[in-house]
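Following: one structure in structure tokens, then a few remarks.
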Protein chains: 2
Amino acid sequence: MSKHVKEMGVLKEHLGKHQLKFTRQRELILDAFLKQEHITAEEMYHQLARKDPHLGLATIYRTLNLFCEAGLAQARHFGTQTQYDNISHKGHHDHLICTGCGKIVEFENCDIERLQEEVASRNGFTIQTHRLELYGLCSPCRQ
Amino acid sequence: MSKHVKEMGVLKEHLGKHQLKFTRQRELILDAFLKQEHITAEEMYHQLARKDPHLGLATIYRTLNLFCEAGLAQARHFGTQTQYDNISHKGHHDHLICTGCGKIVEFENCDIERLQEEVASRNGFTIQTHRLELYGLCSPCRQ
DNA sequence: TTGAAATTGATAAACCGTCTCAATAAAAGA
DNA sequence: TCTTTTATTGAGACGGTTTATCAATTTCAA
């Protein structure tokens with residue numbers, strides 16, 4: 001049923017290493033999570049309400065944080081809420097954020113990514129993921 | 001007394017344009033703010049408690065937000081709190097972060113910054129500040 | 001199958017930041 | 001200067017998001 005075999009494996013490995021258990025809820029939430037690029041706990045709560053009306057919000061928060069620890073997700077604080085980014089969707093996590101009106105534009109730039117790789121390898125690092133946010137004013141907000 | 005003549009001028013100009021008033025609290029908070037690279041409202045509250053024990057936390061939040069509108073500060077959500085960055089400190093805060101051992105390497109790369117400017121202008125934005133974090137494994141952690 | 005240990009769901013509580021409002025202070029006018 | 005108008009302040013209430021609590025349940029190894 002699940003098509004996310006690789007990520008499921010990552011999760012199970014993490015669980016095994018930390019004496020944690022593989023539950024129906026964790027499987028359900030991971031499946032839903034991997035279908036998106038990023039999501040908030042609240043959004044997921046509503047999405048899953050139909051599949052499992054008794055799934056608690058606290059469980060979703062706990063599980064998304066678990067995914068962060070397992071290296072499957074990355075938390076990002078946006079406005080008042082926390083966005084959980086799907087790390088397996090590489091290259092789509094860059095944002096232009098208007099400090100005037102809050103507008104967010106997503107972008108992708110291969111040249112920047114290539115330079116990031118260079119910086120990393122020069123320092124002996126292998127990049128798993130990254131976060132790039134540019135803050136400024138969009139043209140309407142500049143008047 | 002105040003050494004921040006230029007920034008005080010920026011503030012006064014903004015106040016004038018918006019029918020706002022120059023108050024003792026705003027002067028006090030701006031002076032304290034400009035001495036730091038970035039600060040939270042809570043931190044400033046404690047810092048200023050000695051100088052003015054009756055200065056309210058709400059006033060600090062309001063004033064820091066005012067500084068953002070005036071272009072003197074930049075709000076950034078970090079962890080659960082909001083950091084207010086001093087824009088006049090144009091330091092580059094790019095980081096390489098090892099997800100294995102937590103080691104952090106700071107770096108600066110002009111080419112990346114130039115590309116960021118390009119992306120921004122292509123989207124009609126003017127960059128005030130940015131944040132770039134690369135997550136990965138350092139060579140010892142890769143074994 | 002049993003039992004120890006982790007997880008869950010429901011909700012209370014904590015936390016951060018904003019809103020409210022009466023009292024006060026700042027600018028503008030006479 | 002004195003008065004008047006208007007914005008600001010401080011204190012605490014409030015609202016939204018995330019975490020903590022805890023009894024009941026589920027997982028999993030023996």
Side-chain angles (χ1 to χ4, degrees), chain A residues 8 11-30 32-33 38-70 73-85 99 102, chain B residues 8 11-30 32-33 38-70 73-85:
Chain A
M8 207 61 80
L11 176 60
K12 284 185 177 169
E13 194 181 325
H14 178 86
L15 296 176
K17 276 187 189 163
H18 296 81
Q19 297 170 272
L20 305 176
K21 293 171 178 175
F22 186 74
T23 64
R24 185 178 57 77
Q25 289 89 340
R26 285 173 178 170
E27 181 176 17
L28 183 66
I29 294 170
L30 181 57
F33 175 70
H38 50 78
I39 195 169
T40 65
E42 199 75 33
E43 283 166 3
M44 178 158 289
Y45 182 62
H46 290 117
Q47 259 188 41
L48 293 181
R50 287 176 310 153
K51 287 196 176 178
D52 182 349
H54 294 294
L55 187 58
L57 185 56
T59 299
I60 292 180
Y61 273 106
R62 282 185 293 232
T63 306
L64 289 172
N65 287 332
L66 173 72
F67 293 170
C68 290
E69 282 154 27
Q74 184 173 323
R76 186 166 39 91
H77 301 274
F78 237 39
T80 69
Q81 292 199 141
T82 301
Q83 289 278 347
Y84 291 87
D85 292 351
T99 58
Chain B
M8 207 62 79
L11 176 60
K12 284 185 177 170
E13 193 182 323
H14 179 85
L15 296 176
K17 274 187 189 162
H18 296 81
Q19 297 170 274
L20 305 176
K21 293 171 179 175
F22 186 73
T23 64
R24 187 178 56 77
Q25 288 88 341
R26 285 173 179 171
E27 182 175 16
L28 182 67
I29 293 170
L30 181 57
F33 175 68
H38 51 77
I39 195 168
T40 65
E42 199 75 35
E43 284 165 3
M44 178 158 288
Y45 182 63
H46 289 117
Q47 258 186 42
L48 293 182
R50 288 176 307 153
K51 287 197 178 177
D52 182 350
H54 293 293
L55 187 58
L57 186 54
T59 299
I60 292 180
Y61 273 107
R62 282 186 291 232
T63 305
L64 290 172
N65 287 333
L66 173 71
F67 293 170
C68 291
E69 283 154 27
Q74 160 75 57
R76 188 166 42 90
H77 300 278
F78 201 64
T80 69
Q81 291 193 227
T82 302
Q83 288 280 345
Y84 291 88
D85 293 351

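Chain letters run A, B, ... following the sequence lines, proteins first and then strands; every chain starts at 1.
No donor-acceptor pair under 3.5 Å is formed between the side chain of Arg62(A) and the backbone N or O of Leu57(A). A distance-only check finds a donor-acceptor pair linking the side chain of Glu43(B) to the backbone of Thr40(B) [under 3.5 Å]. Remark: side-chain polar atoms of Thr63(A) are paired, donor with acceptor, to backbone N or O of Thr59(A) under 3.5 angstrom. Listed for the Arg76(A) side chain is no donor-acceptor partner under 3.5 Å among the backbone atoms of His38(A).
Rounded to an integer number of Å, the gap from Leu28(A) CG to dT8(C) C1' is 13 Å. If you take CD of Glu69(A) and C1' of dA6(C), they are 15 Å apart, rounded to a whole angstrom. For Lys12(B) and dA27(C), the NZ to P distance is 9 Å, given to the nearest whole Å. Computed from coordinates, the Glu27(B) CD to dA25(C) C1' distance equals 15 Å when rounded to whole Å. In this structure, His77(A) atom NE2 and dC16(C) atom P are separated by 12 Å, rounded to whole Å. Here the P atom of nucleotide dT18(C) and the CG atom of Leu64(B) are 10 Å apart, to the nearest Å. Here dA25(C) presents its P atom at 14 Å from CG of Leu55(B), a figure rounded to the nearest Å. If you take CG of Asn65(A) and P of dT8(C), they are 13 Å apart, rounded to a whole angstrom.
Interface limits on DNA chain D: the 5'-most and 3'-most nucleotides within less than 4.0 Å of chain A heavy atoms are dT17(D) to dC28(D).
Looking at which nucleotide of DNA chain C each of Gln81(B) and Tyr45(A) is closest to, the 5′-most match is held by Tyr45(A). Toward the 5' end of DNA chain D, the nearer of the two residues Leu20(B) and Ala58(B), judged by each one's closest nucleotide, is Leu20(B). Position along DNA chain D of the nearest nucleotide to Thr23(B) versus Tyr61(A) favours Thr23(B) as the more 5'-ward residue.
Between its two ends, the helix from dT1(C)-dA30(D) to dA30(C)-dT1(D) turns its axis by 30°, counting five pairs per end and rounding to 10 degrees.
Rounded to the nearest 0.5 angstrom, Gln74(B) CD and Tyr84(B) OH are separated by 11.0 Å.
Contact of Lys21(B) with dA25(C) (side chain to base): no donor-acceptor pair of N or O atoms is detected under 3.5 Å.
Scanning both residues, Ala75(A) and Cys68(A), for their nearest heavy atoms gives N-SG, 3.7 Å. In terms of heavy atoms, Tyr45(B) sits closest to Gly56(B) at CE1-C, 4.0 Å. The shortest heavy-atom contact between Met44(A) and Leu64(A) is SD-CD2, 4.5 Å. Contact detail for Arg26(A) and Lys21(A): the closest heavy-atom pair is NH1-O, 2.8 Å.
Nucleic acid contact for Leu57(B): none, since no nucleic acid atom lies under 4.0 Å from a heavy atom of the residue. Using a 4.0 Å heavy-atom cutoff across all strands shown, Thr82(B) reaches sugar-phosphate atoms only and no base atom. Within 4.0 Å (heavy atoms only), Glu42(A) reaches no atom of the nucleic acid at all. Across all strands shown, Arg62(B) has heavy atoms under 4.0 Å from base atoms, whether or not it also approaches the sugar-phosphate.
Look at Thr59(A) and you'll find a side-chain N or O under 4.0 angstrom from OP1 or OP2 of dG9(C).
Taking the six-membered ring wherever Trp is involved, the centroid distance between the rings of Phe33(A) and Phe67(A) falls below 6.0 Å.
Distances from the side chain of His54(A) to the nucleotides dT8(C), dC19(C), dA10(C) place dA10(C) closest.
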